[in-house]
There are 2 protein chains.
Amino acid sequence: MKQVAVKNIEEKGLRWTPQRQAIISAIANSEKKHLSAEEIYLLTKKTMPSIGLATVYRTLELFCAMGILQKLNLQDAARYELLQKEENAHCHYLCLGCGKIFEVPLQEELPLPSTKNDESLEDFTVVNSSCWHFGYCRNCKLRKENKT
Amino acid sequence: MKQVAVKNIEEKGLRWTPQRQAIISAIANSEKKHLSAEEIYLLTKKTMPSIGLATVYRTLELFCAMGILQKLNLQDAARYELLQKEENAHCHYLCLGCGKIFEVPLQEELPLPSTKNDESLEDFTVVNSSCWHFGYCRNCKLRKENKT
DNA sequence: GTCGCTGCAAAGCTTTTGCAAATCA
DNA sequence: TGATTTGCAAAAGCTTTGCAGCGAC
């Protein structure tokens, strides 16, 4: 993972700096997925207290452009997650009750939509996907029922 | 559509005001989908010049809570679209080249993910879905090839 | 009168940008 | 040396909030 990043970065005349390493390490070692820029900033600060928030933002943007991270625009703020080959297509289930996010890989290729009506779509190359389902998890439904 | 909204609103002790009517009309009559709050504000200003931006934001939030609108968190800003029964599940294809959004209804129910590994998901009730595919449309791919 | 709604202005947040210093090739 | 990168501070942009006045019931 890191090796690939280093190679990609250096091929483009960019540098693999301690900051970039610290940021990707913080993300990779975090148990939590879907980290916000602020969270990544705080995590990275643990190993590199001098790092600036702007650097984090610039690095996250770079990593997204390189395909290392995927940016998710959520309600409160953007969140980032490691993007690996096998994870290219997966679904997110966000519980509106507790805010928990469940993640489910899609084993097979994306469902083919009907492209009859829209010519231009017939030749659309999908680079990346993000599917979100909003609803309520079992715990929250049970909690709801008990209240009523 | 409007009738349903009025009924829902008044049932909850809320009011169906000229502003709310103007906003929903602006959205419904717009050819463009996926309008930003700013765009909705400007559209509504045409029929009601005195309206304030804060009112638009508050109304959009209300309509989302009522299930009349769906909020889409995109890169630049949040966007809103009418949420109708038949449209409950649909895919968005966003071209990273030109930013155009193609929309494709999913005829059949959502693809069933593998829920083996995650117990809590087995009993997840989906209220609403939003699927996004990012990539390049034909025009942008052609433009790219011509450049190289 | 009460309660909800509105418009304005100010504040709050996340994110971006400018710039001089630092760092690496 | 020349290019990229960084940290700080300031700015920008979207969205929310406080509040006094208005309007509906």
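In what follows, chains carry the letters A, B, and so on, assigned in the order in which the sequence lines appear, proteins first and then strands, with residues in each chain numbered from 1. Predicted, not measured: the structure shown is a model, and the values here were computed from it. Quick note: numbers below take in every heavy atom, side chains included, and nothing from hydrogens, waters or symmetry partners.
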J.: Measure from OH on B:Y41 to P on D:dC14 and round the result to the nearest Å.
T.: 13 Å
J.: Counting just side-chain N and O atoms, does A:R15 come under 4.0 Å of either OP1 or OP2 of D:dT6?
T.: no
J.: If you measure from CD on A:Q21 to OG1 on A:T59, what distance do you get to the nearest 0.5 Å?
T.: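 Taking CD in A:Q21 and OG1 in A:T59, the distance rounds to 12.5 Å.
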J.: Counting just side-chain N and O atoms, does A:Y57 come under 4.0 Å of either OP1 or OP2 of C:dT15?
T.: yes
J.: In whole angstrom, what separates B:M48's CE from D:dG23's C1'?
T.: 13 Å
J.: Under 4.0 Å between any heavy atoms, over every strand shown, what does A:S36 touch: base, sugar-phosphate, or nothing? Just pick one.
T.: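 Result for A:S36 = nothing.
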J.: May I have the distance from A:E38 (atom CD) to C:dG12 (atom C1'), rounded to whole angstrom?
T.: 14 Å
J.: Between D:dT15 atom C1' and B:L35 atom CG, what is the distance in whole Å?
T.: 17 Å
J.: What is the distance, rounded to the nearest whole Å, between atom NZ of A:K71 and atom C1' of C:dT16?
T.: 10 Å
J.: Please determine whether a side-chain nitrogen or oxygen atom of B:T55 lies at a distance below 4.0 Å from atom OP1 or OP2 of C:dG7.
T.: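 Yes, because at least one side-chain N or O of B:T55 sits under 4.0 Å from OP1 or OP2 of C:dG7.
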J.: Using side-chain heavy atoms (C-beta onward) and a distance below 4.5 Å, is A:L35 in contact with A:R79?
T.: no
J.: In whole angstrom, give the distance that lies between atom CG of A:L60 and atom P of D:dT5.
T.: 15 Å
J.: Once you round it to whole Å, what is the distance between C1' of D:dT6 and CD of A:Q21?
T.: 16 Å
J.: Supply the atom-to-atom distance A:S36 OG to A:L72 CG, rounded to the nearest 0.5 angstrom.
T.: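 A:S36 OG to A:L72 CG: 11.5 Å, rounded to 0.5 Å.
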J.: Any side-chain N or O of A:T17 below 4.0 angstrom from OP1/OP2 of D:dT6?
T.: yes
J.: Give A:L53 one of three labels, base, sugar-phosphate or nothing, depending on what nucleic acid heavy atoms sit under 4.0 Å from its own.
T.: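 It contacts base atoms.
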J.: Could you tell me the separation between the CD1 atom of A:I68 and the CG atom of A:L82, rounded to the nearest 0.5 Å?
T.: 9.0 Å
J.: Please report the interatomic distance CZ(B:R58) to CZ(B:R20), rounded to the nearest 0.5 Å.
T.: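 That separation rounds to 9.5 Å.
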J.: Can you check whether B:Q19 has a side-chain N or O nearer than 4.0 Å to OP1 or OP2 of C:dG7?
T.: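 So the side chain of B:Q19 is within the cut-off, an N or O lying under 4.0 Å from OP1 or OP2 of C:dG7.
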J.: Out of D:dT15, C:dT14, D:dT17, which nucleotide sits closest to the side chain of A:A77?
T.: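 When the side chain of A:A77 is considered, C:dT14 is the closest of D:dT15, C:dT14, D:dT17.
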J.: Between B:I51 (CD1) and C:dA9 (C1'), how many Å, whole number?
T.: 17 Å
J.: Select from B:R58 and B:A78 the residue whose nearest nucleotide in DNA chain D is closer to the 5' end of that strand.
T.: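 The answer here is B:A78.
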